A.B. asks: 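Provided herewith is a single structure, encoded as structure tokens, for subsequent inquiry.
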Number of protein chains: 2
Amino acid sequence: MDVRQRLARNLRRLREAKGWSQEKFAFEANVHRTYVSDIERGARNPTITVVEKLAAPLGVTASDLLAN
Amino acid sequence: MDVRQRLARNLRRLREAKGWSQEKFAFEANVHRTYVSDIERGARNPTITVVEKLAAPLGVTASDLLAN
DNA sequence: GTGTGACTCTAAGTCCGTC
DNA sequence: CGACGGACTTAGAGTCACA
């Protein structure tokens with residue numbers, strides 16, 4: 001499986017585990033609302049610094065988000 | 001420590017463990033020689049697909065390269 | 001063999017909406 | 001609440017000559 005798909009699935013799983021909407025999560029991660037939507041659909045190819053921004057509010061590492 | 005620095009150090013460590021020059025490694029990973037140089041100095045902010053390209057010839061995952 | 005500045009071109013990333 | 005489109009600005013992708 002592709003990295004983008006792995007990130008997409010991990011992100012959605014962890015976000016939902018927190019009970020957060022995409023909007024709420026986007027706010028917590030300091031990224032745009034639509035960007036979260038795009039990433040969870042595997043439609044984007046984010047930079048590693050963005051992955052780190054996404055990882056922070058979830059309490060995991062950038063490495064964790066790409067894992068599996 | 002910053003993700004870019006973690007990638008930089010992991011990449012350099014793993015590449016040298018293979019006994020490869022940046023040039024040799026760049027060829028194996030299908031990226032430009034100078035791009036490898038930039039990443040190992042933490043001077044670039046690559047996308048996750050690039051990280052995956054770098055991981056392949058080292059026999060590790062994209063997640064591994066960002067780890068630690 | 002590696003570092004660095006500069007360059008072009010494409011995509012990252014933001015923001016406006018609507019369905 | 002989330003998918004998706006269009007438009008926009010900035011930064012990454014990819015390359016080169018030269019140190």
Side-chain angles (χ1 to χ4, degrees):
Chain A
M1 187 166 64
D2 172 84
V3 231
R4 284 162 59 165
Q5 288 303 319
R6 294 206 303 278
L7 171 62
R9 297 186 190 195
N10 288 333
L11 182 58
R12 177 157 292 180
R13 180 170 44 78
L14 292 167
R15 176 182 63 79
E16 290 179 342
K18 288 273 185 183
W20 287 339
S21 66
Q22 289 181 351
E23 255 173 341
K24 165 71 174 170
F25 172 68
F27 176 77
E28 295 294 333
N30 288 302
V31 295
H32 199 84
R33 165 178 77 77
T34 59
Y35 199 48
V36 172
S37 170
D38 287 351
I39 291 175
E40 287 193 358
R41 284 181 294 121
R44 291 274 187 164
N45 185 27
T47 56
I48 60 177
T49 55
V50 166
V51 176
E52 199 173 45
K53 284 173 72 176
L54 300 175
L58 295 171
V60 299
T61 65
S63 180
D64 291 332
L65 283 184
L66 302 187
N68 157 246
Chain B
M1 186 166 66
D2 173 83
V3 232
R4 285 163 57 166
Q5 288 305 317
R6 292 206 305 279
L7 171 62
R9 297 185 189 195
N10 288 332
L11 181 58
R12 178 157 290 179
R13 181 170 43 77
L14 293 167
R15 174 181 63 79
E16 290 179 341
K18 289 274 185 182
W20 287 339
S21 67
Q22 289 182 352
E23 257 174 338
K24 165 71 174 169
F25 171 68
F27 176 78
E28 295 294 334
N30 289 302
V31 295
H32 199 84
R33 171 184 79 76
T34 59
Y35 199 54
V36 173
S37 171
D38 287 350
I39 290 176
E40 287 193 0
R41 284 179 295 118
R44 293 264 189 167
N45 185 27
T47 57
I48 59 177
T49 55
V50 167
V51 176
E52 201 174 42
K53 284 173 72 174
L54 301 175
L58 295 171
V60 299
T61 65
S63 180
D64 291 331
L65 283 183
L66 302 187
N68 160 244

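FYI, side chains are in, hydrogens and waters are out, and symmetry mates aren't considered; it's all heavy atoms of this structure. Residue numbering restarts at 1 for every chain, and letters A, B, ... go by the order of the sequence lines. Values in this document were obtained by computation on a predicted structure and should not be read as measured data.
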A.B. asks: In whole angstroms, how far is the P atom of D:dG2 from the CZ atom of A:Arg44?
C.D. replies: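 From A:Arg44 CZ to D:dG2 P: 18 Å.
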
A.B. asks: A:Asp38 CG to C:dA11 C1': how many Å, rounded?
C.D. replies: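 These atoms are roughly 12 Å apart.
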
A.B. asks: Categorize B:Arg15 for me: base, sugar-phosphate, or nothing, with a 4.0 angstrom heavy-atom threshold over every strand shown.
C.D. replies: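 Since only primed, P, OP1 and OP2 atoms lie under 4.0 Å of B:Arg15, the category is sugar-phosphate.
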
A.B. asks: Determine: side-chain N/O of A:Arg4 to OP1/OP2 of C:dA12, distance under 4.0 Å, yes or no.
C.D. replies: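 For C:dA12, OP1/OP2 do not have a side-chain N/O of A:Arg4 under 4.0 Å.
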
A.B. asks: Any base atoms under 4.0 Å from B:Val50, or only sugar-phosphate, or nothing? Heavy atoms, all strands.
C.D. replies: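 The answer is sugar-phosphate, as B:Val50 gets under 4.0 Å only of primed atoms, P, OP1 or OP2.
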
A.B. asks: Roughly how far, to the nearest 0.5 Å, is the OG atom of B:Ser63 from the CD atom of B:Glu52?
C.D. replies: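 Reported value, rounded in 0.5 Å steps: 11.0 Å.
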
A.B. asks: Can you tell me if the side-chain N/O atoms of A:Thr47 get under 4.0 Å from OP1 or OP2 in C:dG13?
C.D. replies: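 Yes.
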
A.B. asks: Taking for each residue the nucleotide of DNA chain C with the nearest heavy atom, is it B:Ser37 or B:Asn45 whose nucleotide lies nearer the 5' end?
C.D. replies: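 So the residue in question is B:Ser37.
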
A.B. asks: Quick one: is C:dC15 close enough that its OP1 or OP2 comes under 4.0 Å of any side-chain N or O from A:His32?
C.D. replies: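 For C:dC15, OP1/OP2 do have a side-chain N/O of A:His32 under 4.0 Å.
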
A.B. asks: Which of the following nucleotides, D:dG5, D:dT15, C:dG13, is nearest to the side chain of A:Thr34?
C.D. replies: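 From the listed options, D:dG5 comes nearest.
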
A.B. asks: How close or far is atom P of D:dA3 from atom CD of A:Glu23, stated in whole angstroms?
C.D. replies: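 It is 12 Å, rounded to the nearest whole Å.
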
A.B. asks: Could you please name the option among C:dG3, D:dC1, D:dG14 that lies closest to any side-chain atom of B:Tyr35?
C.D. replies: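 Closest of the options to the side chain of B:Tyr35: D:dG14.
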
A.B. asks: For the side chain of A:Arg33, counting heavy atoms from C-beta on, which of D:dA3, C:dG13, C:dT2 is nearest?
C.D. replies: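 Selected nucleotide (nearest to the side chain): D:dA3.
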
A.B. asks: Salt bridge check, A:Lys18 against A:Glu28: does any charged N sit closer than 4.0 Å to a carboxylate O?
C.D. replies: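 Looking at A:Lys18 together with A:Glu28, the answer is no, because their closest N to O distance does not fall below 4.0 Å.
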
A.B. asks: Within the pair A:Arg41 and D:dG5, is there a side-chain N or O less than 4.0 Å away from OP1 or OP2?
C.D. replies: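 No, because none of the side-chain N or O atoms of A:Arg41 sits under 4.0 Å from OP1 or OP2 of D:dG5.
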
A.B. asks: Counting side-chain heavy atoms from C-beta on, which of C:dT14, C:dT2, D:dG2 comes nearest to A:Lys53?
C.D. replies: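 It is C:dT14.
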
A.B. asks: Just the rounded figure in Å: distance from P of D:dG14 to CG of B:Leu54.
C.D. replies: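 Computing the B:Leu54:CG to D:dG14:P distance gives 10 Å.
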
A.B. asks: Once you round it to whole Å, what is the distance between P of C:dA12 and CD1 of A:Ile39?
C.D. replies: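 In whole Å, C:dA12 P lies 10 Å from A:Ile39 CD1.
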
A.B. asks: Between D:dA13 atom C1' and A:Ile48 atom CD1, what is the distance in whole Å?
C.D. replies: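 Going from CD1 in A:Ile48 over to C1' in D:dA13 covers 14 Å.
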
A.B. asks: Pick one: which of A:Ile39, A:Leu66, A:Asn45 meets side chain to side chain contact (heavy atoms under 4.5 Å, CB included) with A:Arg4?
C.D. replies: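 Single pass found, and it is A:Asn45.
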
A.B. asks: Out of B:Asp38, B:Val31, B:Leu7, which one pairs with B:Pro46 under the side chain to side chain contact (heavy atoms under 4.5 Å, CB included) rule?
C.D. replies: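 So the option named by the test is B:Leu7.
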
A.B. asks: From CG of B:Asn30 over to C1' of D:dG14, roughly how many Å is that when rounded to an integer?
C.D. replies: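 After rounding, the reported distance stands at 13 Å.
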
A.B. asks: Rounded to whole Å, please give me the gap between CD in A:Glu40 and P in D:dA3.
C.D. replies: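 Taking atom P of D:dA3 as the reference, CD of A:Glu40 is at 7 Å.
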
A.B. asks: Within the side chain of A:Arg44, is there an N or O that forms a donor-acceptor pair under 3.5 Å with the backbone of A:Tyr35?
C.D. replies: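 Checked: no pair found.
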
